[in-house]
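Bear in mind the structure is a predicted one, so any value in this text is a computation, not a measurement.
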Amino acid sequence: MSDASSPTPNPQPVNPQPVNPQPVTTVALGDLASLVGTTLGPTEGVEVTQERVNTFATATGDHQWIHVDVERANAESPFGGPIAHGYLTLSLVNDLLPKMLEVTGTSMGVNVGVNKVRFPSPVPVGSLVRGTAEVMSVDEVGGGTQAVVRVSVTVDGAPKPSCVVDTVSRFFP
């Protein structure tokens, strides 16, 4: 395995349009349904470093060379260098979603799961990713309010998102 601190030659895509990060949308639990159909974000960028990729590989046991062997990925990968794990990209939703949506008037929020996850394009190491979201549905269930929020994680300048996931969260008063 090569030195994980080696720089990668694949620069992140250049964003043709300036990105204007939006502040978090704060809504009271009783008003959450009013956001159905609303687009949130984009967030500030989050850098996906080789160190983050390596730490994720250690945590999950996924040491696939396209993620952690910088030298080999630079030489052989069809992506031009190392890329983030799909599940690492998915895990960034936990960082990005609270930067887009804050629900007040709750005793707790619980991550119930996801309905659908897709990875349409890779995240090259060194990229800046941002989140956008759309509130898809809000329903009263089990003494709480359940929201399905579609989150897209996109590399700056990329033509399509790297991860699209329908998150399911339940909020309790």
Side-chain angles (χ1 to χ4, degrees), residues 1-13 15 19 21 24 40-103 106-136 144 146-172:
M1 188 178 300
S2 69
D3 178 11
S5 64
S6 299
T8 57
N10 55 324
Q12 79 180 49
N15 190 352
V19 176
V24 64
L40 309 171
T43 65
E44 293 284 342
V46 173
E47 185 178 4
V48 178
T49 64
Q50 188 64 55
E51 179 182 12
R52 178 175 267 181
V53 169
N54 292 347
T55 299
F56 187 85
T58 298
T60 62
D62 182 353
H63 295 280
Q64 171 72 255
W65 67 268
I66 63 173
H67 306 303
V68 298
D69 189 335
V70 174
E71 185 177 303
R72 184 175 177 191
N74 287 339
E76 298 178 31
S77 170
F79 306 110
I83 60 170
H85 303 75
Y87 286 140
L88 168 57
T89 306
L90 174 62
S91 74
L92 294 175
V93 170
N94 286 334
D95 181 24
L96 297 170
L97 187 53
K99 294 175 180 175
M100 294 182 278
L101 178 63
E102 178 184 1
V103 182
T106 65
S107 62
M108 69 175 171
V110 177
N111 178 0
V112 177
V114 299
N115 288 339
K116 183 178 179 180
V117 180
R118 294 292 181 263
F119 302 108
S121 65
V123 175
V125 170
S127 295
L128 213 56
V129 297
R130 297 177 193 274
T132 57
E134 180 182 353
V135 179
M136 304 302 290
Q146 184 164 292
V148 176
V149 180
R150 180 168 294 153
V151 179
S152 295
V153 179
T154 304
V155 171
D156 272 3
K160 56 185 173 179
S162 296
C163 178
V164 181
V165 56
D166 288 354
T167 66
V168 184
S169 301
R170 196 168 291 175
F171 301 96
F172 295 91

Value for CG (L128) from CD (E47), rounded to nearest 0.5 Å, stands at 7.0 Å

Nearest 0.5 angstrom please: M108 CE to F171 CZ, how far? 11.5 Å

Please say which of V129, V165, T132 ends up in a side-chain contact (heavy atoms from CB on, under 4.5 Å) with S152. T132

Any S169 side-chain heavy atom under 4.5 Å of V149 side chain: no

Output, in order, the C-alpha distance, side-chain angles, deciding distance and verdict of side-chain contact (heavy atoms from CB on, under 4.5 Å) for V24 and K99. CA-CA 5 Å; V24 64; K99 294 175 180 175; 5.8 Å; no

Where do [X] and [Y] come nearest, in terms of heavy atoms and distance?
{"X": "A73", "Y": "W65", "answer": "CA-CZ3, 3.8 Å"}
{"X": "P161", "Y": "V164", "answer": "CG-CG2, 3.6 Å"}
{"X": "E44", "Y": "L96", "answer": "O-CD2, 4.5 Å"}
{"X": "Q50", "Y": "V125", "answer": "N-CG1, 3.3 Å"}

Please confirm whether the backbone N or O of [Y] pairs with a side-chain atom of [X], one donor and one acceptor, at under 3.5 Å?
{"X": "T43", "Y": "G131", "value": "yes"}
{"X": "S121", "Y": "K160", "value": "yes"}
{"X": "T106", "Y": "F172", "value": "no"}

Output a table of donor-acceptor pairs, distance under 3.5 Å, between side-chain atoms of residues 109-120 and any protein atom two or more places apart or on a different chain; print 'none' if there are none.
{"residue": "N111", "atom": "OD1", "partner": "G113", "partner atom": "N", "Å": "3.1"}

side-chain contact (heavy atoms from CB on, under 4.5 Å) between E76 and I66, worked out: CA-CA 9 Å; E76 298 178 31; I66 63 173; over 6 Å; no

Would you be so kind as to tabulate the donor-acceptor pairs closer than 3.5 Å made by side chains of residues 80-93, with sequence neighbours excluded?
{"residue": "H85", "atom": "NE2", "partner": "D62", "partner atom": "O", "Å": "2.9"}
{"residue": "T89", "atom": "OG1", "partner": "H85", "partner atom": "O", "Å": "3.1"}
{"residue": "S91", "atom": "OG", "partner": "L88", "partner atom": "O", "Å": "2.7"}

Show your working on side-chain contact (heavy atoms from CB on, under 4.5 Å) between T154 and R130 and close with a plain yes or no. CA-CA 5 Å; T154 304; R130 297 177 193 274; 5.8 Å; no

Please test F56 against H67 for side-chain contact (heavy atoms from CB on, under 4.5 Å), starting from the C-alpha separation and ending with a verdict. CA-CA 10 Å; F56 187 85; H67 306 303; over 6 Å; no

